[in-house]
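Reviewing the structure listed below.
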Amino acid sequence: MKRGIQPTSTERVMRTDDFIVSKTSPKGIITYCNPIFIEFSGYGEEELLGSQHNIIRHPDMPRAAFKLAWDTIQAGREFFAYVKNMSKDGSFYWVYAHITPDFDGGGRIVGYTSVRRCPSREAIGKITGVYRAMLDAERAAGARDAIAAGTKVLVDALGQLGMDYEEFVFSL
């Protein structure tokens, strides 16, 4: 867990008109954060800037979900996901994230921009079970095979629904 923070059961709910915005380097180092990000993360701007974006990673999030995100954005495509984040005080907040690569004039990725908004409670209810199953599989598989095990759970669930990942996320 990051910085020894103990997760709590306290949820912070985004307001419907909130947008959390951050920018990172290609390696995931935070280079910009808006005031709403600072508010919900509980960190000061000086603590966020220069830190890995995973400073807010909640342990309830499966590693395979982040592998899918990184694979997608590093390939130059946008990515959408429901994400449970953890604040500095251990509380959590859910977001609906849209992550896009930032390109220079030569078409090279120079960073990423993430805009997060308030997700629907219905979507959170649906994705929570998928993430829990992915996490259970990751834990059972052990560190070396965790991502593959979590990915298999997601792929199998999508197969049963007859959807690809984007169709699934957009359907929530």
Side-chain angles (χ1 to χ4, degrees), residues 1-5 7-8 10-121 123-124 127-128 130-131 134-135 146-147 150-151 154 164-170 172:
M1 238 168 284
K2 300 289 178 234
R3 301 183 186 203
I5 298 170
T8 72
T10 303
E11 181 175 8
R12 303 182 65 190
V13 179
M14 290 183 66
R15 299 166 296 262
T16 56
D17 58 346
D18 280 344
F19 286 91
I20 293 174
V21 181
S22 59
K23 294 179 84 55
T24 70
S25 72
K27 300 285 187 187
I29 303 295
I30 299 170
T31 59
Y32 169 79
C33 50
N34 76 339
I36 304 295
F37 185 28
I38 294 166
E39 174 189 345
F40 275 87
S41 74
Y43 291 96
E45 182 177 28
E46 66 285 348
E47 293 175 286
L48 292 169
L49 295 177
S51 294
Q52 282 286 332
H53 206 284
N54 67 6
I55 191 172
I56 58 169
R57 183 180 185 273
H58 196 286
D60 286 350
M61 286 297 300
R63 290 174 50 199
F66 291 109
K67 171 85 166 93
L68 177 59
W70 274 107
D71 288 352
T72 303
I73 62 177
Q74 287 177 329
R77 298 187 318 269
E78 65 185 343
F79 185 75
F80 295 87
Y82 291 89
V83 180
K84 184 177 185 179
N85 290 321
M86 185 167 64
S87 301
K88 184 178 180 179
D89 66 1
S91 62
F92 68 93
Y93 58 102
W94 281 95
V95 298
Y96 179 58
H98 178 207
I99 309 167
T100 57
D102 300 327
F103 300 97
D104 68 10
R108 290 177 295 275
I109 295 174
V110 295
Y112 303 101
T113 299
S114 179
V115 178
R116 281 92 73 204
R117 63 182 186 197
C118 182
S120 74
R121 299 313 295 179
I124 292 169
I127 199 69
T128 299
V130 175
Y131 286 166
M134 291 172 70
L135 262 179
I147 292 174
T151 300
L154 179 61
D164 66 21
Y165 176 78
E166 278 193 5
E167 290 172 315
F168 174 66
V169 169
F170 293 146
L172 296 179

| field | Spacing of T72 atom OG1 and E78 atom CD [to the nearest 0.5 Å] | value | 10.5 Å
| request: Is it possible for you to check whether R12 lies under 6.0 Å from the centre of the six-membered ring of F40, through NZ or CZ, and within 45° of that ring's axis? | output: yes
| task | Please work out which of the three classes, parallel, tilted or perpendicular, describes the rings of F80 and Y96, given edges at 30° and 60°. | result | parallel
| message | Around atom CD of Q74, are there more than 12 heavy atoms from other residues, nucleotides or ligands closer than 6.0 Å? | response | yes
| Separation of W94 CH2 from K84 NZ (nearest 0.5 Å) | 6.0 Å
| field | Closest heavy-atom pair and its distance - A64, G150 | value | CB-C, 3.7 Å
| Should F37 and L48 count as side-chain neighbours, where that means a heavy-atom distance under 4.5 Å? | yes
| Shortest non-hydrogen contact from D89 toward T8 | O-CG2, 3.9 Å
| task | Looking only at non-hydrogen atoms, find the nearest pair between L135 and D60 and report the distance. | result | CD1-O, 3.0 Å
| message | So L154 and L68, do their side chains get closer than 4.5 Å, heavy atoms only? | response | yes
| task | Apply ring pair (Phe, Tyr, Trp, His ring centres under 6.0 Å) to the pair Y165 and F79, showing each step before the final yes or no. | result | CA-CA 10 Å; Y165 176 78; F79 185 75; 5.3 Å; yes
| query | Is there side-chain contact between L172 and S120, with at least one heavy-atom pair below 4.5 Å? | reply | no
| Full working for side chain to side chain contact (heavy atoms under 4.5 Å, CB included) between S51 and I29 | CA-CA 5 Å; S51 294; I29 303 295; over 6 Å; no
| task | Give the intermediate values and the outcome of side chain to side chain contact (heavy atoms under 4.5 Å, CB included) for residues R15 and I36. | result | CA-CA 10 Å; R15 299 166 296 262; I36 304 295; 3.7 Å; yes
| task | Using a 4.5 Å cut-off on heavy atoms from C-beta on, say whether the side chain of Y93 contacts that of I20. | result | yes
| Would R121 and E11 satisfy salt bridge (charged side-chain N to carboxylate O under 4.0 Å, His left out), going step by step from the backbone distance to the final call? | CA-CA 12 Å; R121 299 313 295 179; E11 181 175 8; 2.8 Å; yes
| Contact check, side chains of V21 and C33, non-hydrogen atoms, under 4.5 Å | no
| said: Show, in sequence, the C-alpha distance, side-chain angles and deciding distance for H53 and K27, and conclude whether the side chain to side chain contact (heavy atoms under 4.5 Å, CB included) test is met. | reply: CA-CA 9 Å; H53 206 284; K27 300 285 187 187; over 6 Å; no
| request: State, to 0.1 Å, how close P119 and I124 come at their nearest heavy-atom pair, and which atoms those are. | output: CG-CD1, 3.6 Å
| Can you find a heavy atom in the side chain of K88 that is under 4.5 Å from one in the side chain of S41? | no
Do any side-chain atoms of residues 107-115 form donor-acceptor pairs under 3.5 angstrom with protein atoms, and if so which ones, sequence neighbours left out?
unit_1, atom_1, unit_2, atom_2, d
R108, NE, D104, OD2, 3.2
R108, NH2, D104, OD2, 3.3
T113, OG1, K23, NZ, 2.6
T113, OG1, D102, OD1, 3.0
T113, OG1, D102, OD2, 2.9
S114, OG, R116, NH1, 3.1

| note | residues 64-73 vs salt bridge (Lys or Arg N to Asp or Glu O under 4.0 Å), sequence neighbours excluded, gives K67-D71
| request: Taking all heavy atoms of A146 and all of R63, pick out the closest pair and write down the distance. | output: CB-NH1, 3.6 Å
| Is a side-chain donor or acceptor of Y131 paired with a backbone partner of Y82 at a separation under 3.5 angstrom? | yes
| query | Heavy-atom distance under 4.5 Å between the side chains of F66 and R57, does that happen here? | reply | yes
| message | Under a 3.5 Å distance rule, please check whether S87 uses its side chain to pair with a backbone N or O of G42 as donor and acceptor. | response | no
| Heavy-atom closest contact (E166 atom, D164 atom, distance) | N-OD1, 3.2 Å
| field | Close side-chain approach of M86 to M61, heavy-atom, < 4.5 Å | value | no
